[in-house]
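Accompanying notes for the structure given below.
A, B, ... follow the sequence lines: proteins, then strands. Residue 1 opens every chain.
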Amino acid sequence: MALNQAFLNRSYPSPSTYLIEREKIQEFAAAIKDTNPISHDLEFAKQNGYADLVAPPTFLISIQMSAMEVALFDPELGLDYSKVVHGEQSFEYLRPVLAGDELSFISIIEDIKSKVGNDFIAIRSEVKDKNNDLVAILKATLIARGTAV
Amino acid sequence: MTKIKYSEVEVGFELPKFSQNFKRENLNAYAKASGDFNKIHLDEEFAKSVGLPNIIAHGMLTMGIAGKVVTNWLADPNAIKSFSVKFSSPVVVPDDGVGIDVEFTGRIGEKMDDNKVKIELEARCLGTKVLGRSLVIAQLA
């Protein structure tokens, strides 16, 4: 079944802010085999001019997806999550993400379409810090394979 | 701040490449670190039941590792100003203890204004491109 077009342009502010913890940055960096000490060693990060550990470039994806769960798992949307694969992803960074950051997300469903039997949903998220300054913009396209029939 | 100078690189410059082995345990660790517990990355029976050849790696794991082509070279994740990929083909990860190797490469495709460069990344698994249109804009010194 095709996705519910009523969800197009709906926006989803994250219910709370996300505090970026050192341990999560270290764990994420380790999982992608990123041994750069700037993500692991506080003294090294400080020597290089950062107030705290620096997150690897794709770190924010975990928060984007968690911030969108309320929409993606909404039965009204009709997304069969068991068929979902990631189609495209982009990140634009205005500044690095550091441990200690308190970030909020506002996500908007930018596109919903069906093509050759697959459902596509595109989500754009703006990430801001506690001063309301823009930190990053993420775009994700998810594909539900073979569900648009 | 990276020490790599804009004036010292040319279009066509190849960044240091590397190979990364993907095993099931790496997918489990990435699921835990990222919070993406989609069963197509963790449960072989389930992956096959939804028409996949076997468990596939998280696309974001491949993207995360691809980013290291740039961050290893520049030694500073903050040099990356934008990063985009299309996941063109899955990385299928067998449960044989051997895993599967993915080759990561990158080259400078364009020198832009303000000491920025456009870097084209590639990830290949068994000769097949697993990332398409994979681009990084990076700030050089």
Let me know if [X] has heavy atoms under 4.5 Å from chain B in its side chain, its backbone, both or neither.
X	value
A:Ala29	neither
A:Tyr81	both
A:Asn36	side chain
A:Ser66	neither

State yes or no: do [X] and [Y] share one hydrophobic cluster built from I, L, V, M, F, W and Y residues joined by side-chain heavy-atom distances below 4.5 Å, directly or via other members?
X	Y	result
A:Val70	A:Phe7	yes
B:Trp73	B:Val102	yes
B:Ile137	B:Val117	no
A:Ile108	A:Phe120	no
A:Leu53	A:Leu19	no

Does the pair A:Asn48 and B:Asp76 meet the rule for a side chain to side chain contact (heavy atoms under 4.5 Å, CB included), with working shown? CA-CA 9 Å; A:Asn48 282 273; B:Asp76 184 357; over 6 Å; no
Minimal non-hydrogen separation, [X] against [Y], with atom names:
X	Y	value
B:Ala33	A:Lys24	O-NZ, 3.4 Å
A:Ser82	B:Val50	O-CG1, 3.9 Å
A:Pro57	B:Phe83	CB-CD2, 4.5 Å

For the atom pair [atom1] ([X]) and [atom2] ([Y]), what is the distance rounded to the nearest 0.5 Å?
X	Y	atom1	atom2	answer
A:Thr58	B:Leu61	OG1	CG	9.0 Å
A:Phe91	B:Ser82	CZ	OG	11.0 Å
A:Ile32	B:Gln20	CD1	CD	10.0 Å
A:Phe28	B:Met60	CZ	CE	6.0 Å

Identify which of A:Gly87, A:Ala55, A:Ala136 forms the greatest number of heavy-atom pairs closer than 4.5 Å to chain B. A:Gly87
Side chain / backbone / both / neither for [X] at chain A, heavy atoms under 4.5 Å:
X	value
B:Leu27	neither
B:Lys86	both
B:Ile40	side chain

I'd like to know whether NZ of A:Lys139 has more than 12 heavy-atom contacts from other residues, nucleotides or ligands below 6.0 angstrom. no
B:Glu14 atom CD: more than 12 heavy-atom contacts under 6.0 Å: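 Open: at most 12 neighbouring heavy atoms sit under 6.0 Å from CD of B:Glu14.
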With side chains defined as the heavy atoms from C-beta onward, is the minimum distance between [X] and [Y] less than 4.5 Å?
X	Y	value
A:Glu88	B:Arg133	yes
B:Thr71	A:Pro56	no
B:Asn78	A:Tyr50	yes

May I ask you to decide if B:Leu52's main-chain N or O and A:Arg145's side chain share a donor-acceptor pair within less than 3.5 Å?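 Judged by distance alone, no pair lies under 3.5 Å.
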Answer yes or no: is there a donor N or O on one side and an acceptor on the other, between the side chain of A:Lys33 and the main chain of B:Ile65, under 3.5 Å?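 No: the side chain of A:Lys33 does not pair with the backbone of B:Ile65.
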When B:Gly132, B:Ala29, B:Gly64 are compared by non-hydrogen pairs under 4.5 Å with chain A, the top option: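 So the answer, after comparing B:Gly132, B:Ala29, B:Gly64, is B:Gly64.
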Using a cut-off of under 4.5 Å on heavy-atom pairs, state which of B:Val85, B:Asn26, B:Leu131 scores highest against chain A.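 Counting heavy-atom pairs under 4.5 Å, the top option is B:Val85.
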From CA spacing to verdict: side chain to side chain contact (heavy atoms under 4.5 Å, CB included), B:Phe87, A:Gln89: CA-CA 8 Å; B:Phe87 301 102; A:Gln89 180 70 39; 4.0 Å; yes
Show your working on side chain to side chain contact (heavy atoms under 4.5 Å, CB included) between B:Met63 and A:His86 and close with a plain yes or no. CA-CA 11 Å; B:Met63 184 178 189; A:His86 211 145; over 6 Å; no
Quick one, A:Ile61 with B:Asp36, criterion side chain to side chain contact (heavy atoms under 4.5 Å, CB included). Give me CA distance, side-chain angles, the key distance, then yes/no. CA-CA 10 Å; A:Ile61 188 66; B:Asp36 182 347; over 6 Å; no
